[in-house]
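Notes follow once the structure below has been shown.
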Amino acid sequence: MVEDNEDDRLSILPDDVLLNIVERLDIADATRTTILSRRWKQIPAMLSKVVIMAGSFEPKHTTSKLTSDDIIRFNSTMLEATRSILERRARTLYTIHLLRMQFYLGDESIFIGQTVANTIATQKVASVEFTILTKVRKNCTNNDLLTYGRQFMSFFDSCPNTFGCLARLRLENLRLGESDFPKIFSICKQLEFLFLYECDMGIKSLLEVEHPQLGELVIASGCLERVHLKWAPKLTILKFNVFRTKDDPFCLGYVPLLQTVSIINTAFSWHKMLKLSELLRKTAISNLHLNFKSEKIWVKLEGRRQLLPVFHKLRIVNLLNISEECDLSWTMFLLQGAPNLKELRVLGSGGRCVHLASRRTKDYSGNRLQPT
């Protein structure tokens, strides 16, 4: 118990310790601590990480489907909370090292973006991240995609200064015009991470990527025919989660730093068998992740001569959900072109995992591995 006129033990802790405690809380709970005392009232204005998520200040939604009223209420609450939290910091000298926002696409999005823009203009903000959700999250119709695409570009055009400062951006369910992605890449000059779920410019459209800072690109589903990475000098991670094209899902141009490639797909009869030597040419990756989803194998067997140019720096290989028809011998073709492989993980469709942490023997011949 705290005696009269005596601070509780938490309140007498140093600022850095209190900050460490509060930064582990949800932003709603962190804001509520301001009522505890004058000392605690100042803490949220000192936070180095501000994470404001859709629904943080609302009870969890109990139904499976959101309504338009839900979206308006969530975003209105988000806007009020964002203004309250960020404007409270207006006169502080503390840097926001991470400002992470998750909200729904809607009319209120513009005001959220403008509030963030004002914060960037008046305060020290090191990194900004947006996750923009849509009312319908899965199984969108073509009309939904087109509507969300128009809404997003209206939002984007109203807040160019905000998007120009983004380091990370997650988008979903957008069907944009042919000139929209080039505009996004030209405005978002500081973008380091981009996640696109069901985003395209129409069925069988081509996405061309040219960006000086982009370090990680994740493409999940969508109707893109191909992604052409024409010029991405800092790209190190490329992930493809489900593709619907009959051809190679991506084409690599200038990507000198590419290290990690991950491909997840459930193949159909019309899918092309991918030749890794052609798909990954002009690169020398160190980490390869292939997930076959327990269905048809969509990688063509190749020899050492074809694979060595792209696999000579390969260190880690993950082969997941391989069908029962493919035993361990099937995976050996990868080893032939990977003389410096350090780790191989194979997971069959039945869930059995073979994990080999290994090094090559000096008299390497074919597929011999010696455990460390």
Side-chain angles (χ1 to χ4, degrees), residues 23 26-28 30-31 44-58 71-135 148-174 176-177 179-196 199 211-216:
E23 284 184 343
D26 178 270
I27 192 66
T31 303
M46 300 163 61
L47 295 175
S48 64
K49 182 173 71 172
V50 178
V51 180
I52 308 176
M53 312 292 281
S56 291
F57 295 85
E58 293 276 345
I71 301 299
I72 293 173
R73 187 176 73 253
F74 284 166
N75 277 355
S76 297
T77 306
M78 274 284 298
L79 176 59
E80 182 181 349
T82 301
R83 285 174 172 169
S84 173
I85 293 167
L86 297 182
E87 289 175 1
R88 183 180 296 163
R89 304 177 58 100
R91 297 182 181 179
T92 69
L93 299 177
Y94 296 94
T95 298
I96 301 176
H97 293 288
L98 173 63
L99 174 57
R100 179 181 296 156
M101 307 280 294
Q102 183 201 67
F103 52 91
Y104 284 92
L105 189 61
D107 294 337
E108 304 80 12
S109 306
I110 294 175
F111 302 108
I112 294 174
Q114 291 172 345
T115 301
V116 173
N118 292 336
T119 300
I120 294 171
T122 58
Q123 301 179 43
K124 295 179 181 179
V125 182
S127 181
V128 183
E129 176 180 338
F130 274 5
T131 296
I132 303 175
L133 309 176
T134 54
K135 175 185 171 184
Y148 296 146
R150 288 191 293 268
Q151 280 185 318
F152 173 75
M153 290 311 299
S154 176
F155 171 37
F156 183 87
D157 290 336
S158 68
C159 306
N161 292 338
T162 304
F163 282 90
C165 295
L166 289 186
R168 299 172 67 87
L169 177 61
R170 294 173 179 266
L171 301 173
E172 65 180 22
N173 302 318
L174 304 178
L176 303 177
S179 63
D180 290 338
F181 270 114
K183 180 191 290 188
I184 292 169
F185 289 131
S186 66
I187 296 295
C188 300
K189 295 183 183 299
Q190 298 185 34
L191 201 62
E192 299 172 1
F193 170 89
L194 178 62
F195 178 95
L196 301 175
C199 295
H211 198 281
Q213 299 296 327
L214 192 63
E216 182 173 352

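With a 4.5 Å cut-off on side-chain heavy atoms, Y148 and K135 count as touching. No side-chain heavy atom of T162 sits less than 4.5 Å from a side-chain heavy atom of Q114. At least one side-chain heavy atom of L79 sits less than 4.5 Å from a side-chain heavy atom of T115. Between R168 and T131, every side-chain heavy-atom pair lies at or beyond the 4.5 Å cut-off. Looking only at side-chain heavy atoms (C-beta outward), M101 and M78 come within less than 4.5 Å of each other.
Counting all heavy atoms, side chain and backbone alike, L105 lies closest to I71 at O-CG2, 4.1 Å. For the pair L98 and E129, the tightest heavy-atom approach, listed with the atom from each and the gap, is CD1-OE1, 4.4 Å. The two residues F155 and G113 make their nearest non-hydrogen contact at CE1-CA, 4.1 Å. Minimum heavy-atom separation, E108 to S76: CG-OG, 4.1 Å. The two residues I132 and L171 come nearest to each other via the heavy atoms CD1-CD2, 4.0 Å. Taking both residues in full, the closest heavy atoms of C199 and L196 are given as CB-CB, 4.0 Å, listed atom of the first, atom of the second, then distance.
Note: D180 CG to R150 CZ = 11.5 Å, rounded to the nearest 0.5 Å. Summarising the geometry, atom CG belonging to L174 is positioned 7.5 Å from atom CD1 belonging to I184; distances are rounded to the nearest 0.5 Å. Here the CE atom belonging to M153 is positioned 9.0 Å from the CZ atom belonging to F181, to the nearest 0.5 angstrom. For the atom pair E80 CD and T82 OG1, the distance stands at 10.0 Å (nearest 0.5 Å). Expressed to the nearest 0.5 Å, how far OH of Y94 lies from CG of L47 amounts to 11.0 Å. One finds the OG atom of S186 at 9.0 Å from the NE2 atom of H211 (value rounded to the nearest 0.5 Å).
In this structure, F163 and F152 have perpendicular ring planes: the angle between them is above 60°, well past the 30° mark.
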(request) I would like to know whether L86 and N118 meet side chain to side chain contact (heavy atoms under 4.5 Å, CB included); could you show each step before the answer? (result) CA-CA 9 Å; L86 297 182; N118 292 336; over 6 Å; no
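Ring centroids of F111 and F103 are separated by 6.0 Å or more, keeping the two rings apart.
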